[in-house]
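Report on the structure given below.
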Amino acid sequence: MDDGKDYLIKVLTYGSNTKVFVFSTHDEIVKNFDIIIEPQNLKFHLDDNTEPLKIEQAIEADLVRIEF
């Protein structure tokens with residue numbers, strides 16, 4: 001959860017695939033943002049949060065953040 005408690009990010013790894021879900025605590029659709037996964041410094045752009053980010057590899061994330 002972010003410091004302002006506006007967003008919740010959940011990372012699920014299934015074997016060699018990872019899904020990253022972004023939820024708004026205000027039940028809003030989050031639009032036009034980047035997901036940054038640390039410590040690998042992987043950056044992905046999403047148009048909105050209606051579908052999870054799907055990554056074709058297992059990711060061990062110490063920190064996941066979003067940027068607008």
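- Rounding to the nearest 0.5 Å places OH of Y14 at 6.0 Å from NZ of K19.
- Scanning both residues, E28 and N49, for their nearest heavy atoms gives O-ND2, 4.0 Å.
- Residues L12 and F23 fall within the same hydrophobic cluster, defined by Ile, Leu, Val, Met, Phe, Trp and Tyr side chains chained together at heavy-atom separations under 4.5 Å.
- In the hydrophobic cluster analysis, where Ile, Leu, Val, Met, Phe, Trp and Tyr join through side-chain heavy atoms closer than 4.5 angstrom, F33 is grouped together with F44.
- Using a 4.5 Å heavy-atom threshold, the side chains of H26 and D6 count as touching.
- Using a 4.5 Å heavy-atom threshold, the side chains of I35 and V64 count as touching.
- Within the model, atoms CZ of R65 and CG of D2 stand 13.0 Å from one another, a figure rounded to the nearest 0.5 Å.
- You'll find the side chain of V30 reaches within 4.5 Å of the side chain of S24, heavy atoms only.
- A salt bridge links D34 to K43: one of the charged nitrogens lies within less than 4.0 Å of a carboxylate oxygen.
- The shortest non-hydrogen separation linking T25 to K5 is OG1-O, 2.7 Å.
- Contact check for N17 versus I55: no side-chain heavy atoms found under the 4.5 Å cut-off.
- No side-chain heavy atom of E60 sits less than 4.5 Å from a side-chain heavy atom of I37.
- Considering only heavy atoms from C-beta on, I29 comes within 4.5 Å of T50 through its side chain.
- Here the two rings, on Y7 and F68, have centers that are under 6.0 Å apart.
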- Before giving the answer on side-chain contact (heavy atoms from CB on, under 4.5 Å), spell out for H45 and L53 the whole-Å C-alpha distance, their side-chain angles and the decisive distance to 0.1 Å. CA-CA 9 Å; H45 181 79; L53 169 64; over 6 Å; no
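- For A58 against G15, the heavy-atom pair with the smallest separation is CB-O, 3.5 Å.
- E56 has no carboxylate O lying under 4.0 Å from a charged side-chain N of K54, or vice versa, which leaves the two without a salt bridge.
- Expressed to the nearest 0.5 Å, how far CD of Q40 lies from CG of L63 amounts to 10.5 Å.
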- Could you go step by step and tell me if K31 and L46 meet the side-chain contact (heavy atoms from CB on, under 4.5 Å) rule? CA-CA 7 Å; K31 295 184 179 183; L46 279 86; over 6 Å; no
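- Taking CD1 of I36 as the reference point, atom CD1 of I66 lies at 9.0 Å (rounded to 0.5 Å).
- The backbone N or O of T18 lies less than 3.5 Å from no partner atom in the side chain of T13, so there is not a single donor-acceptor pair.
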